[in-house]
Amino acid sequence: MLRRHCPDWRVEILDAPPLEMGWRSLERELRARRPAVVAMGEEAVSCAECLRLARLARALGAKVVAGGCFFGHVAPQVLRTGLVDVVAHGEGENTIVELAHALREDSAGALAGVAGISFRREGEVVRTPPRPLIKNLDDLPLPAWDLLPMSRYGAGSRNHPGLAALESSRGCFDACDFCVLWRQMGNFVSEQTRPYVRFKSGARLLEEIKIQRRDFGRRHLGWVDPCFNAHPHLPAELAEALVREDLALGQSAWLRADCLVRDARSGALASMVRGGLNEVYLGVERPDDEGLKAVHKSTTIPLAREAFEILARDFPQVFTLGTFIYGLPGDTPATVRTIVRLAHELKMDQTFFIPLTPLPGTPFWRDELWDDTGERFRDFNFLPSATRPGSRRDLEWALLSAAAFHWTPARISTYLSVLRRGGSRKRRVTMRVALRSAWFAAHGLLRGLLTGQPAGMIFPRWYEK
Ligand code: B12
C-alpha cells in the first residue's frame, strides 16, 4: 500500500527471525538505513522485543508506529511509555498510507485527521474514529513479497518446507470470548465491534499462488485465515482451479467443525483435499456444549466429533490437530482430565492444550496486567507449563500426567490408525509433533525444576548477536 500510494517513500521490511537477525545486527541495519519511521506489529508474547525495538528506533531519531492484534488493544498504556508515537487499531493498510502523509506533516492536527489511530496530544491520549473496513479484499495490492526473505520461510523444516503464508479471508462470523481475531478485523457499528468476514476472490487467490509457486518456488501454503472454511464454496473452487492448473500444493488451515461437516456433505471438503489440503486444525476448545456456550463459541461437541470422524474415515492422509482451552474460571484438575479424555476419543492425530490467556481486547484482560517493560507478556505464549507459578499449576500437572500416563484404547487406536492408513507424510508429521511436544514438556519441566523458570518461548542462540 505504501509503495502504491506513497511512491516518494522508500519502504523496507526487516523480518528478523527468519534472517536469524539478533539485536546487534538489527541495530547495525537500522543505523545503516536510518529510517524516518519504524512500524512494528506483534503478538503479546513479543511485547518486550517491540518496546526494545521502539527504544532503539527512537534513539536513532525515527518515529515509531505500533499496530496489530496486541498493541491496538493497549494503546493508552503503550503510548504512556513514551516509546511509541502512534498506535494503529484494526486493519492497517489504509491507515498506514494516511499516517505516512500525516507523519511527514508532523503535527497533532494532521494525526487527528487519520481514522483508526491513537496518539498523544499535550499529554492526553487521543483516539480517532474507527476506520471503515476494506470491503473488497481484491482491492489490496499483492503483498510486497519481494521485500521479504521468502526463501527463508520453511527453510530447514521437514513438515513445511517451502512454506508460504497466504491470506484468503479476514475476520470470522463467530465471536468467541477468548479470541482477538474477529475483533481485530471486526466491523464497528453502533459503538460495538461485530464479527464480520470478508474474502478474496478465487481468481485473485489463484494469481497469488501462481506467483508463490513460479517466482518463489513455494511448496506448502499455510493459510493464515482465522477460519479458512467460513465460505461454503470459495476454498473448493480454488482447489478445483489448482487441480486444473496442475498447481495442487500441500496446505494447512484452521477450519471450523460446523463448516467442515457442511462441506463434507456438499463435496467441497473432498475438493479441498484434492487441491492439496493435508493439515487441518480445529478449535474444539471445551469438553461440552455448556462450556462452549459459556465462551460464546457457536459450534458443538457433536459437530467436532463428526468432523474428526469424517476426516479419519474419508481422508486418512490429512493430519488433524485439535486445540483445547483450559484455565477458565472454575476449571479444576478433573475438568482437565475430562478434556484430555475427550481429545483422545475424538480421533484427532494430535492435541494442543492452550492455557486461557487474558489477551488485551478480550474480556479476560485487566488493565492492572499491563507492564511497562513488556516482560509479563512473555507468559502470553499459549503454551502449557507444569512449573508455571500460580493458580493454574494444578491444572498443568493434571495435563502433564494425563499426557504421560493416560493411554486409553482410543488413544492407542488413533496412533495405530496413523501408522496403518496415514501415508508417509502424516506418519512423519505426527511422529515429529509428538516427539517435539514430549521434548518441550520434558525440557520445560527440567528447566523449571533446575532454574525455577516456567517453560515458554525458547530464545535462539543468535538472539543478542
Ligand atoms: C502466521 C502466524 C504465525 C506464524 C508467523 C510466520 C509467518 N511468516 O507468517 C508463526 C508460526 C511464526 C507464529 C508464531 C506465533 N504465534 Co502466531 N499467528 C499467525 C497468524 C495465523 C497469522 C498472522 C497473519 O499473517 N495475519 C494476516 C494479517 C494480514 O493480519 P494481521 O497480522 O492482523 O495484520 C493486519 C492488522 O492487524 C494490522 N497490523 C498488524 N501489524 C501492524 C503494524 C502496524 C504498524 C500497522 C499500522 C498495522 C498493523 O494491519 C494488518 C493488515 O490489515 C495469526 C492469526 C491471524 N489470523 O492473524 C496468529 C497469531 C498472531 N499468533 C499468535 C500466537 C499466540 C503465536 C505464538 C505465541 C504461538 C506459539 N506458542 O508459538 C507464536 C509467537 C511468535 C513470536 N512472535 O515469537 C496469536 C497472538 C495473540 C496475541 N494477541 O498475542 C494469533 C493472533 C493467533 C490467535 N489464535 O490468537 N504465528
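Only this structure's heavy atoms are used, side chains among them; waters, hydrogens and symmetry mates stay out. Please read these numbers as outputs of a predicted model, since none were measured by experiment. Both ligands and their constituent atoms are indexed starting at 1 by order of listing.
Every heavy atom of E49 sits 4.0 Å or more from the atoms of ligand 1. Note on ligand 1: T95 sits outside its first shell, no heavy atom being nearer than 4.0 Å. Residue G90 places a heavy atom less than 4.0 Å from ligand 1.
For ligand 1, the atoms closer than 4.0 angstrom to any heavy atom of A165 are 9 (O). Distances below 4.0 Å separate heavy atoms of A39 from the following atoms of ligand 1: 45 (C). Against a heavy-atom cut-off of under 4.0 Å, V45 is close to the following atoms of ligand 1: 68 (C), 74 (C). Every atom of ligand 1 with a heavy atom of A88 under 4.0 Å away is listed here by number and element: 47 (C). In summary, the atoms of ligand 1 found under 4.0 Å from a heavy atom of L383, numbered by their order in the structure, are 71 (N). Every atom of ligand 1 with a heavy atom of R170 under 4.0 Å away is listed here by number and element: 29 (C), 52 (C), 53 (O).
Distance screen at 4.0 Å: atom 67 (C) of ligand 1 has no protein heavy-atom neighbour inside the cut-off. For atom 61 (C) of ligand 1, a protein non-hydrogen atom is found at a distance below 4.0 Å. Closer than 4.0 Å to atom 22 (C) of ligand 1 lies at least one heavy atom of the protein. At a distance under 4.0 Å, a protein heavy atom can be found next to atom 57 (N) of ligand 1. Proximity of atom 10 (C) of ligand 1 to the protein is not indicated, since no non-hydrogen protein atom lies closer than 4.0 angstrom. Protein heavy atoms are found inside the 4.0 Å sphere centred on atom 43 (C) of ligand 1. In this structure, atom 2 (C) of ligand 1 is not in close contact with the protein, since no protein heavy atom lies within 4.0 Å of it. Atom 85 (C) of ligand 1 lies below 4.0 Å from none of the non-hydrogen atoms of the protein.
Closest to atom 87 (C) of ligand 1, if we only count protein heavy atoms, is L181 CD1, 4.5 Å. When only non-hydrogen protein atoms are considered, atom 88 (C) of ligand 1 lies nearest to F382 CE2, 3.9 Å. Residue, atom and distance of the protein heavy atom nearest to atom 71 (N) of ligand 1 are N381 O, 2.8 Å. Nearest protein neighbour of atom 82 (C) of ligand 1, counting heavy atoms only, is L359 CD2, 3.5 Å. Of the protein's non-hydrogen atoms, M457 CE, 3.6 Å is the one closest to atom 74 (C) of ligand 1. With hydrogens left out, the protein atom closest to atom 29 (C) of ligand 1 is E167 OE2, 3.3 Å, a heavy atom. Among protein heavy atoms, the minimum distance from atom 53 (O) of ligand 1 is reached at E93 OE1, 2.7 Å. Of the protein's heavy atoms, E43 OE2, 5.0 Å lies nearest to atom 19 (C) of ligand 1.
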Practice problem: Check step by step if side chain to side chain contact (heavy atoms under 4.5 Å, CB included) holds for F353 and E396. | Solution: CA-CA 10 Å; F353 301 98; E396 296 185 321; over 6 Å; no
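Ranked by closest heavy atom to atom 30 (O) of ligand 1, the top entry among R183, Q184, M185 is M185. Here the shortest heavy-atom distance to atom 39 (N) of ligand 1, taken over G92, G68, C47, belongs to G68. Distances from atom 77 (N) of ligand 1 to the heavy atoms of S46, P18, C172 put S46 nearest.
With 3.5 Å as the limit, one finds a donor-acceptor pair spanning the side chains of S201 and D138. Side-chain contact check for H160 and E279: at least one donor-acceptor pair (N or O, by modelled atom type) lies under 3.5 Å. In the model, S157 has no side-chain atom that pairs as donor or acceptor with a side-chain atom of N159 under 3.5 Å.
Aromatic ring centroids of F70 and F377 lie under 6.0 Å apart. Annotation: W254 is not in aromatic contact with F228 [ring centroid separation under 6.0 Å not met].
In this structure, R58 pairs ionically with D85, as a charged nitrogen and a carboxylate oxygen lie closer than 4.0 Å. Residues R256 and D174 are paired through a salt bridge, judged by an N-O separation under 4.0 Å between the basic side chain and the carboxylate. For R52 and E27, the salt-bridge test fails: no basic side-chain N is under 4.0 Å from an acidic carboxylate O. Note on D331 versus R286: salt bridge recorded, some NZ/NE/NH1/NH2 to OD/OE distance being below 4.0 Å. Residues R204 and E207 are not paired through a salt bridge, judged by the lack of any N-O separation under 4.0 Å between the basic side chain and the carboxylate.
Considering every non-hydrogen atom in both L292 and T299, the closest pair reads CD1-O, 3.3 Å. When every heavy atom of A108 is checked against every heavy atom of F119, the shortest pair comes out as O-CZ, 3.8 Å. Of all non-hydrogen atoms in A39 and I96, the two that sit nearest each other are CB-CD1, 4.3 Å. Shortest non-hydrogen contact noted between L282 and A257 is CD2-N, 3.8 Å. Counting all heavy atoms, side chain and backbone alike, W223 lies closest to S168 at CZ3-CB, 3.7 Å. Nearest heavy-atom pair across H89 and S118 is NE2-OG, 2.7 Å.
Between the side chain of S25 and the main chain of K465, a donor-acceptor pair closer than 3.5 Å is present. Remark: the backbone N or O of R158 is not paired with any side-chain donor or acceptor of R432 at under 3.5 angstrom.
When heavy-atom distances to ligand 1 are checked against a 4.0 Å cut-off, T357 has no atom that comes that close, whether in backbone or side chain. Heavy atoms of A44 found under 4.0 angstrom from ligand 1 belong to the backbone as well as the side chain. Residue contacts with ligand 1 for M40 involve N, CA, C or O but no side-chain atom from C-beta outward (heavy atoms, distance under 4.0 Å).
When only interatomic distances are considered, the shortest N/O to N/O separation between E91 and ligand 1 does not fall below 3.5 Å. Geometrically, ligand 1 and E42 share a nitrogen or oxygen pair separated by less than 3.5 Å. Residue V224 has at least one nitrogen or oxygen atom sitting less than 3.5 Å from a nitrogen or oxygen atom of ligand 1, judged on distance alone.
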